[in-house]
There are 2 protein chains.
Amino acid sequence: MAQRNTLKYIILGLINERPVTGYELTKAFDSDIGEFWLAQHSQIYPLLKRMEHDQLITHQLEVTGEKLERKRYAITPDGQQELADWLNEPVTKLNANKDEFILKLYFIRDRQDGRLLPMLTTQLQLHQQKRNHLQDQMAQKFPDAAHIEAYGHFLILQHAISREQDYCQWLTNTISNLTA
Amino acid sequence: MAQRNTLKYIILGLINERPVTGYELTKAFDSDIGEFWLAQHSQIYPLLKRMEHDQLITHQLEVTGEKLERKRYAITPDGQQELADWLNEPVTKLNANKDEFILKLYFIRDRQDGRLLPMLTTQLQLHQQKRNHLQDQMAQKFPDAAHIEAYGHFLILQHAISREQDYCQWLTNTISNLTA
DNA sequence: CACAATCATGTAATTATTTACATGTTTTTA
DNA sequence: TAAAAACATGTAAATAATTACATGATTGTG
C-alpha cells in the first residue's frame, strides 16, 4: 500500500511530542501505534534525512560513552505547520484492513472443510494474545482512568482492545457454530 | 506494505472459483474482498501476465460484438497446487490495521481539543455507511441463512459487519463521553 | 571477562502499490 | 441518436515498503 506520506506525518507527530532518535521512532511501531501502522528502520532513516532536507525537522548529535552517536530530531515551525495541516484535513476514505487469514477463509467454501477449525483456533490464539497484551498496556499506561494525560493515545488503545475483543468473539462464535 | 505475494494468491483463489477476466478481478476489490485487500487494474494486468508466464493460469480469448476482446483466465494444476499450499500454510502473524483516522487521533492529547468531536462524528458517519452497505450485501448475497453456498465468504462478510459495528459503537461511546 | 542482547545508523536491492498516461468498444440512458 | 457510463486492457513513472546487506558501540548477564 503506497499510502500518501502517512509515515511522514506519524514521524512529525511523534517528534512533536518530544525530540526523538530514529531508533526510538523505529521502536514506536512495536508499541500501540504499531497496531495502526508499521515501518522498519530502513524506511525511517532515509525519510528522516529527507524531512530534515525539507526543513521539517532538525537534529542534534548526542554521544554516549566514547563513540556511540545518536541523532535526536526536533520539529521545526514548518514541520509543526505540516503536522497541523494533516491533522485538520478530514479523513474521508477508509483504509482496507489487510488480513491474510480472512482472505484465506474467503476461499474455503465448504463448511465441512477440515482446514477450517485449525485455522480458526490458531487465529483465536493470536488475537487473544494480542488482546491480552493490549490490556496489559492499558493497565500500565493508564492506571488511573480519572487522570489521562494523552487522551488520543488512550482512545486508540481502547479502540484496539475493543477491536481485538470483537475479533475474538466472532472467532469464538464461529468455532462454536462449527463444532455444534 | 509490500506484503509477500498476497495478491497473487487472491487472484488464484478467485480464478479457481471460475474463469475470470482482469476486469472482473479488478471489480472484485470493490466488493466484500475489498474490505480485506485492495488492488488496482494497473497492478492486476501485469501480474496476470507474469502468472501466465509462470504457468499458474492460462487464458482464452472471448469477443463481444465486432472487436471487444477479453481474456478469460483459468487456473492450471500448478496454480491449484500453489493455491492449496498457501491455504495450508498457517497465518502466524497479524497485519497492522492501517487507519489514518486513528493515527491522527493518537496525536490529539487534550480531551478539550475542538478538533476531536468533528473528527469523531465524521468518522462515525463513514463507518455507519460502511456497516449499512455490508448489511445490504449480506441480505442480498445470503438471504437464506439455512442455505449458505460459500461459507468462507459468508463468514468474512459477517466479520466485516461485526468489525464495523464495533467501530461504530466505540465511536458512539467516545462521542457521548466527550459531550457528557 | 566473554558472550549475548540491545543500542544505533545507515545503504542496496527488490517487491508492492499508487497515480497517471493511453486507447478503444459496447451498452445504457436522456 | 448523441452523450455518458461502463466494459476492457494495457504501460510508465513515481512512491512506499520489505528484506537483505553492512557496521560498530554499549550494556547486561552468567
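Chain letters run A, B, ... following the sequence lines, proteins first and then strands; every chain starts at 1.
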So, is A:Gln40 close to the D:dT18 phosphate, meaning a side-chain N or O under 4.0 Å from OP1 or OP2?
-> yes

Return no unless some side-chain N or O of B:Gln43 is found under 4.0 Å from OP1 or OP2 of C:dT17.
-> yes

Quick one: are the ring centres of B:Tyr167 and A:His159 less than 6.0 Å apart?
-> yes

Expressed in angstrom and rounded to an integer, what is the separation of B:Leu61 atom CG from D:dG10 atom C1'?
-> 14 Å

Rounded to whole Å, CD of B:Glu66 lies from C1' of D:dC7 at a distance of 16 Å

Can you give the donor-acceptor pairs under 3.5 Å from side chains of residues 40-49 of chain A to other protein atoms, not counting sequence neighbours?
| unit_1 | atom_1 | unit_2 | atom_2 | d |
| --- | --- | --- | --- | --- |
| A:Tyr45 | OH | A:Tyr23 | N | 3.4 |

Using only side-chain N and O atoms of B:Lys98, determine if any of them is under 4.0 Å from OP1 or OP2 of D:dA17.
-> yes

Choose from C:dT27, C:dT19, C:dT11 the nucleotide whose nearest atom is closest to any side-chain atom of B:Thr64.
-> C:dT27

Where the side chain of A:Glu52 meets the backbone of A:His59, is there a donor-acceptor pair that is under 3.5 Å apart?
-> yes

Return the value, rounded to whole Å, for the distance between atom OH of A:Tyr45 and atom P of D:dA16.
-> 20 Å

Which listed nucleotide (D:dT19, D:dA17, C:dT25) is nearest to the side chain of A:Ser42?
-> D:dT19

When the ring centroid of A:Phe107 is compared with that of B:His153, is the distance short of 6.0 Å?
-> no

d(CZ, B:Arg4; P, D:dT19) in whole Å = 6 Å

Check for a donor-acceptor pair, side chain of B:Asn132 on one end and backbone N or O of B:Gln128 on the other, with a separation under 3.5 Å.
-> yes

Test salt bridge (Lys or Arg N to Asp or Glu O under 4.0 Å) on A:Arg163 and A:Glu35 and set out the steps.
-> CA-CA 11 Å; A:Arg163 182 191 72 192; A:Glu35 295 300 315; 2.9 Å; yes

Rounded to whole angstrom units, what separation is found between the OH atom of A:Tyr73 and the C1' atom of C:dA8?
-> 12 Å

When the distance from NE2 of B:His41 to P of D:dT11 is rounded to whole Å, what number comes out?
-> 10 Å

Selected nucleotide, minimal atom distance to A:Arg70 side chain, candidates C:dT9, D:dC7, D:dT18 = C:dT9

Rounded distance in Å - CE (A:Met51) to P (D:dT15) = 16 Å

How do A:Leu68 and A:Pro46 order along DNA chain C: which one's closest nucleotide is nearer the 5' end?
-> A:Leu68

What side-chain hydrogen bond (donor to acceptor under 3.5 Å, both in side chains) pairs are there with at least one residue in residues 104-117 of chain B, not counting sequence neighbours?
-> B:Asp113-B:Arg115

Judged by nearest nucleotide, the residue sitting upstream toward the 5' end of DNA chain D, A:Arg50 or B:Glu69, is B:Glu69

From CD1 of B:Ile11 across to P of D:dT9 the rounded distance in Å is 13 Å

pair B:Leu116-B:Leu120: side-chain heavy atoms closer than 4.5 Å | yes

Return no unless some side-chain N or O of A:Asn5 is found under 4.0 Å from OP1 or OP2 of D:dA16.
-> yes

Do the side-chain N or O atoms of A:Lys49 get closer than 4.0 angstrom to the phosphate oxygens (OP1, OP2) of C:dT11?
-> yes

Stretch residues 17-30 of chain A: residues that reach within less than 4.0 Å of DNA chain C through a heavy atom = A:Thr21, A:Gly22, A:Tyr23, A:Lys27

